[in-house]
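Quantities reported herein were computed from a predicted structural model and do not represent experimental measurements.
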Amino acid sequence: MKWLTLILQLLSLRKSFLDSQSFMETMQATAARGKRYAVSFVAILLAALFLFSGILLAIIDLGLQIDRGAG
C-alpha cells in the first residue's frame, strides 16, 4: 500500500512539474508581448512628441514673421 501512495505522489509531482513548465512558458510569452507593447508605446510617444514640437515651432516661427511684418 505504501508503494501505491509513493507512485501516486510521484505521478502527481510529475504532473505539477509539467504544469509549472507550461505556466513558465505562458509567463514568458506574456512578458514578450508586454515588451512589444511597451516598445510600441514609447515609439508612438516619441512620434507624438516630435509632431507636437514641430507644430509648436511652426506656430512660433509664423508669429515671429508676423511680428517682423514679413507675413
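Interatomic distance, CD1 of Ile66 versus CG of Asp61, reported as 10.0 Å (0.5 Å rounding).
Hydrophobic cluster of Ile59: the remaining members, joined at side-chain heavy-atom separations below 4.5 Å, are Leu51, Ile55, listed by chain and number.
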What pairs of donor and acceptor atoms, side-chain ones from residues 32-50 against any protein atom, are under 3.5 angstrom apart with sequence neighbours left out?
from, atom 1, to, atom 2, distance (Å)
Ser40, OG, Arg36, O, 3.0

